[in-house]
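What follows is one structure encoded as C-alpha cells, with my remarks underneath.
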Amino acid sequence: MALLWALAVLSLLPLLDAQSPECANLMTAAPISNATMDWLSGKWFYIGSAFRNAEYNESARAIQAAFFYFEPRHAEDKLIVREYQTIADKCVYNCSYINVYRQNGTLSKFETDREHFADLLLSNHFRTFMLAASWNGTKNVGVSFYADKPEVTQEQKKEFLDVIKCIGIQESEIIYTDEKKDACGPLQKQHEEERKKETEGS
C-alpha cells in the first residue's frame with residue numbers, strides 16, 4: 001500500500017537519541033491536534049521510502065507511483081484515506097480509514113487482521129511529512145516520504161535524506177516512485193466528476 005505502515009507497534013523515536021546530529025531536526029507531531037489533522041487534509045504524493053525490513057522493501061518496489069487524499073474526522077480521531085496506486089502498470093484504488101492516536105503522534109491502520117503503526121514526522125518549513133517506524137530495534141528501521149506535489153525541491157529532499165542518515169540508512173537504499181508511470185489519472189478524474197454530481201444533486 002502507498003502509506004507503507006509499520007509492521008509492529010515499536011516506535012522509532014526512542015532509538016534516535018544516540019544517533020547523529022541530524023536527529024535534532026526531527027519534529028514529531030505529538031500531540032496531534034485538530035489543526036494538525038486539517039494540515040494533513042487534501043492530496044499527497046508518495047515520493048519514496050527506505051526500509052530495512054525485506055517484506056516492506058518488496059512492497060515498496062512494486063509501487064511505481066502513488067497518491068492519496070486525506071479527509072479528517074476530528075470527533076472520531078480518524079483520517080479517511082482514498083489511495084491510488086500504480087502497480088504493474090495498472091491502477092489500484094482503495095478507500096479506508098486511519099486511526100489517529102493524538103497524544104503520542106501515531107497513526108495506524110488495520111490490514112490483514114493486524115493494526116500497523118507509524119510515527120508521524122512533520123516538516124518545519126515544507127508541505128511534506130514522513131512516517132517512521134522500527135521493527136525489533138535499529139536493524140529494521142524505515143521511513144516513507146510524502147509531499148503535496150509529485151516532484152520535490154532539493155530542500156525538501158534534503159530533509160528526507162537527513163532523516164535517512166539519522167536512523168542509519170544509506171541513501172542507496174531509498175526506493176523512489178516515478179510520477180510519469182502513474183496510471184490512475186483517468187480513475188481519479190472519474191471519481192472527482194462523480195463526487196461533483198453528488199454534491200450538485202444534494
Side-chain angles (χ1 to χ4, degrees), residues 1-7 29 32-49 51 56 58-102 106-118 120-123 126-133 143-153 156-157 160 175-202:
M1 59 178 292
L3 295 182
L4 295 173
W5 298 98
L7 298 179
I32 296 176
S33 64
N34 283 350
T36 306
M37 293 176 68
D38 290 340
W39 185 88
L40 286 169
S41 67
K43 186 176 183 178
W44 296 93
F45 293 86
Y46 166 48
I47 304 299
S49 60
F51 294 97
Y56 257 54
E58 183 177 352
S59 296
R61 291 183 187 281
I63 300 173
Q64 297 167 288
F67 60 89
F68 55 93
Y69 292 84
F70 276 151
E71 184 179 337
R73 293 285 190 271
H74 298 147
E76 303 171 33
D77 290 340
K78 297 182 186 300
L79 292 167
I80 305 302
V81 57
R82 294 180 284 120
E83 301 176 81
Y84 297 82
Q85 303 174 68
T86 301
I87 299 174
D89 299 321
K90 296 181 180 180
C91 181
V92 179
Y93 173 74
N94 182 54
C95 183
S96 58
Y97 68 88
I98 292 167
N99 293 306
V100 178
Y101 292 89
R102 292 175 180 264
T106 300
L107 305 180
S108 79
K109 185 174 182 180
F110 280 96
E111 239 183 37
T112 60
D113 298 322
R114 290 182 297 170
E115 188 172 14
H116 308 298
F117 292 78
L120 175 62
L121 304 181
L122 298 180
S123 167
F126 308 113
R127 283 287 294 171
T128 63
F129 72 91
M130 287 170 262
L131 295 175
V143 178
S144 49
F145 179 43
Y146 310 89
D148 64 349
K149 294 180 174 59
E151 295 183 3
V152 295
T153 65
Q156 289 171 323
K157 185 176 181 180
F160 173 51
I175 300 169
Y176 288 105
T177 57
D178 184 355
E179 193 266 340
K180 295 178 181 178
K181 296 181 179 179
D182 173 60
C184 290
L187 181 60
Q188 178 204 15
K189 184 177 180 180
Q190 176 186 328
H191 286 170
E192 292 302 318
E193 291 175 349
E194 290 172 353
R195 288 188 181 86
K196 183 178 179 181
K197 290 180 181 178
E198 290 175 0
T199 301
E200 292 174 348
S202 60

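The figures that follow rest on heavy atoms only: side chains count, while hydrogens, waters and symmetry mates do not. Please read these numbers as outputs of a predicted model, since none were measured by experiment.
Between the CG atom of Leu187 and the CD atom of Glu192 there is a distance of 10.0 Å, given to the nearest 0.5 Å. Rounded to the nearest 0.5 angstrom, Lys78 NZ and Ile98 CD1 are separated by 10.5 Å. Note that CG of Leu107 is 9.0 Å distant from CE of Met37, once rounded to the nearest 0.5 Å. Here the CD atom belonging to Gln156 is positioned 11.0 Å from the CD atom belonging to Glu151, to the nearest 0.5 angstrom. The CZ atom of Arg73 lies 13.0 Å from the OH atom of Tyr97; values are rounded to the nearest 0.5 Å. Atom CD1 of Ile87 and atom NZ of Lys181 lie 13.5 Å apart (nearest 0.5 Å).
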- Message: For a side-chain contact (heavy atoms from CB on, under 4.5 Å) check, start with the C-alpha distance between Cys184 and Phe67, then their side-chain angles and the critical distance, and finish with the verdict.
- Response: CA-CA 9 Å; Cys184 290; Phe67 60 89; 3.9 Å; yes

- Message: I'd like to know whether Glu83 forms a salt bridge (charged side-chain N to carboxylate O under 4.0 Å, His left out) with Lys109, so could you lay out the CA-CA distance, the side-chain angles of the two residues, the decisive distance to 0.1 Å, and finally the verdict.
- Response: CA-CA 13 Å; Glu83 301 176 81; Lys109 185 174 182 180; 2.9 Å; yes

- Evaluate the side-chain contact (heavy atoms from CB on, under 4.5 Å) criterion for residues Val152 and Phe160: first the C-alpha distance (whole Å), next the side-chain angles of each, then the deciding distance (0.1 Å), finally the verdict. CA-CA 10 Å; Val152 295; Phe160 173 51; over 6 Å; no

- Please test Glu194 against Gln190 for side chain to side chain donor-acceptor pair (under 3.5 Å), starting from the C-alpha separation and ending with a verdict. CA-CA 6 Å; Glu194 290 172 353; Gln190 176 186 328; 3.1 Å; yes

- Under the side-chain contact (heavy atoms from CB on, under 4.5 Å) criterion, do Phe126 and Asp148 qualify, and how do the steps go? CA-CA 9 Å; Phe126 308 113; Asp148 64 349; over 6 Å; no

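Across all non-hydrogen atoms, the minimal contact from Ala66 to Ile63 is CB-CG2, 3.8 Å. Taking all atoms of both residues into account, the shortest heavy-atom contact from Ser49 to Ala60 is OG-CB, 3.7 Å. Here the shortest heavy-atom pairing between Thr177 and Ala65 reads CB-CA, 4.0 Å. Asp38 approaches Pro72 most closely through the heavy-atom pair OD1-CG, 3.8 Å. A pairwise comparison of heavy atoms in Glu179 and Pro150 identifies CG-CB, 3.2 Å as the closest pair. Across every non-hydrogen atom of Asn94 and Ser96, the tightest pair is ND2-OG, 3.6 Å.
Put simply, the residue from Gln188, His191, Lys43 that forms a side chain to side chain donor-acceptor pair (under 3.5 Å) with Tyr84 is His191. When each of Val100, Leu131, Thr106 is paired with Leu120, the side-chain contact (heavy atoms from CB on, under 4.5 Å) condition holds for Leu131 and for no other. Partner of Leu122 under the side-chain contact (heavy atoms from CB on, under 4.5 Å) criterion, out of Thr128, Thr36, Ile32: Thr36 alone. Of the residues listed (Phe45, Tyr46, Trp44, Phe70), the one engaging Tyr146 in a ring-ring contact (aromatic ring centres under 6.0 Å, His included) is Tyr46, and it is the only one.
Between the side chain of Thr86 and the main chain of Gln64, no donor-acceptor pair closer than 3.5 Å is present. No side-chain donor-acceptor contact under 3.5 Å links Arg82 to the backbone of Cys95.
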